[in-house]
Amino acid sequence: MELESLLKKHFNYHSFKHGQKEVITSILSGSHTMAMLPTGTGKSLCYQLPAYLLEGQVLIVSPLLSLMQDQVEQLIIRGEKRVVALNSFLDKNERTQIFSRLDQYKFIFISPEMLSIDFVVHKLKQLNIALFVVDEAHCISQWGYDFRPDYMKLGTVREKLGNPLTLALTATATKEVVSDIIQSLNLEMWNEFIYSVDRPNISIRVESLESVVDKQKKLIELVSTLQGPGIIYFSSRRLAEEMVELLRGSGVQKVMAYHGGLDQESRILIQQQFLNGQLDFICATSAFGMGINKENVRFVIHYHMPLQLESYLQEIGRAGRDGKESIAILLYIAGDEQLPYQLAESELPNVKQIELCFKWILNCPDNLSNIADFEAELRILARLTDIQWRMIRDYLQSLNANELNLTKYMNEFKLFVEQRLNIKRDKINEITRWTNSIQCRREKILNYFDEQKKMDIRNCCDICGMDMQSFYKKENEAHSIDFQFHWKDYLQAMLTK
DNA sequence: CGTATTCCATTTACATGGAATACGGTGCAGTAAT
């Protein structure tokens, strides 16, 4: 077969993994393609192989700078030199240079934010874009509404680029997420490849506890007895840091915290140390995980519950990529769902803030023509975060300045925010119900993703019954090999690239 | 909502309890460029 020989030639693999060939064939037939492949199936091959059969450039929209840099590196290591990442890492000179010879690249990685700049789109338009790829496409649905609104503009961008052939890739997607992706990309006809989200080798367990002290004790007990390596997820940076100290105090040494508050260097370092086995445990926020491919993670513990089952599934999916038996444990105290509710609420502007803003604008003589002029003042006055301000600003900018009925618009905006909040609350309700349920954990998750549980699984979940012995450290376990890893050299290499 | 921190009054103690307040996640990004 032609595809297999290409696979051998460019990637040195002998056979495709589950789903890859179908997705690639679909693209090569010229159909827009929505592919949901389980974590660790080698999603990037789905656009990299077709790239060699298509005339023109492959444009890949990627959510994280680190992910882009990583993919670029991988391609370069494989001998593909025609690769570039368009992002804020480029300095002025590099940028000028690269934009002047964009057509010489085969693979162009880009952030959705960059794609919202007119100049960039103008430049891309002059290319022959053979394939428009949205990597981690669930970000559209998960982030696009508020956190990273440029994700919602990808459809418009696609149109400006002349509706190129499109591939959306993700590992987690409910029917709603899939339809969000299709809609916001403005796809009319497309092929869908949806595979099971189930990961039979991950046992699922909820530990109900009475108090914070119990929870901390339980965490220490688990981390010191379970077979590592493992990831512990928190919804608070401070707590992640504190638990590292607590674990160290209890004799767990090879543990570090990872969250968005750390500088880029520390994040790279800690991630690498975990990948190399110099760290056994990571206390992390949701900042940790996307694009991390560590095969032998044996457990994922949640100290706090995520804001939706989609996130939960993504996070526990980082365990057991090697197919070996692994465990996911959620530590739960009744009422824990209050933190997610609070996080969801504080992300959006509240009624008071909205009223304050509109009132202020109403009293402003030249109100909507130059929003940027009063940004600073208004933001301080209403104590708006970046995200809150952006939502308000984008809404104001969408208004027709000729017929200003601010009261009407304000109520419309309030309603819009209320609806977003209700969607977020529903998701939290869903995961809370799941936590408190007495039905098979796996079955309920699968049902949420519109699947049925098809087989009996050993050590399925705490409801079906499981033997915790399988997950404890083995006696006389050989200590993980310490690689001679010179982190200073590594960092130097990363930073001078 | 729940937890941790700060503030303040007490009846004069350098400490303590209770009230008020702050905090809680995810990331990209030209100051022109066609």
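What you are looking at is a predicted structure, and each value in this text was computed from that prediction instead of being measured. Throughout, a chain's letter reflects where its sequence line sits, starting with A, and its residues are numbered from 1. Just so you know, these numbers use all the heavy atoms, side chains as well, and skip hydrogens, waters and symmetry mates.
Atom CZ of A/Phe234 and atom C1' of B/dC23 are 17 Å apart (whole Å). Between the CD atom of A/Gln338 and the C1' atom of B/dG24 there is a distance of 13 Å, rounded to whole Å. As a whole-Å value, the separation of A/His302 NE2 from B/dG25 P is 14 Å. What separates CE of A/Met290 from C1' of B/dG27 is a distance of 9 Å, to the nearest Å. Whole-Å rounding puts the A/His259 NE2 to B/dG27 C1' distance at 16 Å. Taking atom CG of A/Leu343 as the reference point, atom C1' of B/dT3 lies 14 Å away to the nearest angstrom. B/dG2 atom C1' lies 16 Å from atom CG of A/Asp214, rounded to whole Å. Distance A/Trp143 CH2 to B/dA29 P: 13 Å, rounded to the nearest Å.
Distance from the side chain of A/Gln342 is smallest for B/dG24 among the nucleotides B/dA29, B/dG24, B/dT34. Taking every side-chain heavy atom of A/Arg148 into account, B/dC28 is the closest of B/dG25, B/dC28, B/dA29. When distances run from any side-chain atom of A/Phe147 to the nucleotides B/dG25, B/dC28, B/dG27, the shortest one goes to B/dG27.
A gap of 22 Å separates the P atoms of B/dT21 and B/dG25, to the nearest Å. Between the P atoms of B/dA20 and B/dC14, the separation comes to 27 Å (whole Å). If you take atom C1' in B/dT11 and the same atom in B/dG17, they sit 15 Å apart, rounded to whole Å. Comparing the P positions of B/dT26 and B/dA22 gives an interatomic distance of 22 Å, to the nearest angstrom. Only the C1' atoms considered, B/dC28 is 23 Å distant from B/dT34, to the nearest whole Å.
Using the six-membered ring where Trp is involved, A/His302 and A/Tyr312 have ring planes that are tilted, between 30° and 60° apart.
Dashed line: the shortest gap from a side-chain N or O of A/Arg383 to OP1 or OP2 of B/dA22 is not under 4.0 Å. In this model, the phosphate group of B/dC28 is not approached by any side-chain N or O of A/Ser88 to a distance below 4.0 Å at OP1 or OP2. For A/Ser346, no side-chain nitrogen or oxygen approaches OP1 or OP2 of B/dC23 to under 4.0 Å. Between B/dC28 and A/Arg390, no contact under 4.0 Å exists linking OP1 or OP2 to a side-chain N or O.
Proximity of the aromatic rings of A/Phe274 and A/Tyr258 is defined here by a centroid distance below 6.0 angstrom, and this criterion is not met.
Residue contacts shown for A/His304 are absent, as no nucleic acid heavy atom lies under 4.0 Å away. At the heavy-atom level, A/Lys123 lies nowhere under 4.0 Å from the strands shown. Looking at heavy-atom distances under 4.0 Å, A/Ile117 makes contact with a base. Residue A/Gly335 is classed as having no contact, given no heavy-atom separation below 4.0 Å to the nucleic acid. Residue contacts shown for A/Arg267 are limited to sugar-phosphate atoms, with no base heavy atom under 4.0 Å away. Using a 4.0 Å heavy-atom criterion, one finds that A/Glu347 contacts the bases of the nucleic acid, with or without backbone contacts as well. In this structure, A/Asn87 reaches the sugar-phosphate backbone alone: every heavy-atom distance under 4.0 Å involves primed, P, OP1 or OP2 atoms, never a base.
Between the CD atom in A/Gln314 and the CD atom in A/Glu136 there is a gap of 7.5 Å [rounded to 0.5 Å].
Closest-nucleotide positions on DNA chain B for A/Gln216 and A/Leu86 were compared, and the one nearer the 5' end corresponds to A/Gln216. With the nearest nucleotide of DNA chain B identified for both A/His122 and A/Met114, A/Met114 has the one nearer the 5' end.
Under a 4.0 Å N-O distance rule, the pair A/Glu242/A/Arg238 qualifies as a salt bridge. A salt bridge links A/Lys427 with A/Glu310: the closest approach of a Lys/Arg side-chain nitrogen to an acidic carboxylate oxygen falls below 4.0 angstrom. Using a 4.0 Å cut-off between charged side-chain N and carboxylate O, A/Asp336 and A/Lys215 make a salt bridge.
Taking a 6.0 Å sphere around CD1 of A/Ile77, one finds it holds more than 12 heavy atoms contributed by other residues, nucleotides or ligands.
Sorted by first and then second residue, the ring-ring contact (aromatic ring centres under 6.0 Å, His included) pairs involving residues 133-182 of chain A (not counting sequence neighbours) are A/Trp143-A/Phe147.
Taking all atoms of both residues into account, the shortest heavy-atom contact from A/Lys43 to A/Thr170 is CD-O, 3.8 Å.
With pairs defined as Watson-Crick or G-U wobble and both atom distances under 3.5 Å, the stems of at least three pairs that touch DNA chain B come out as B:1-10 with B:15-24.
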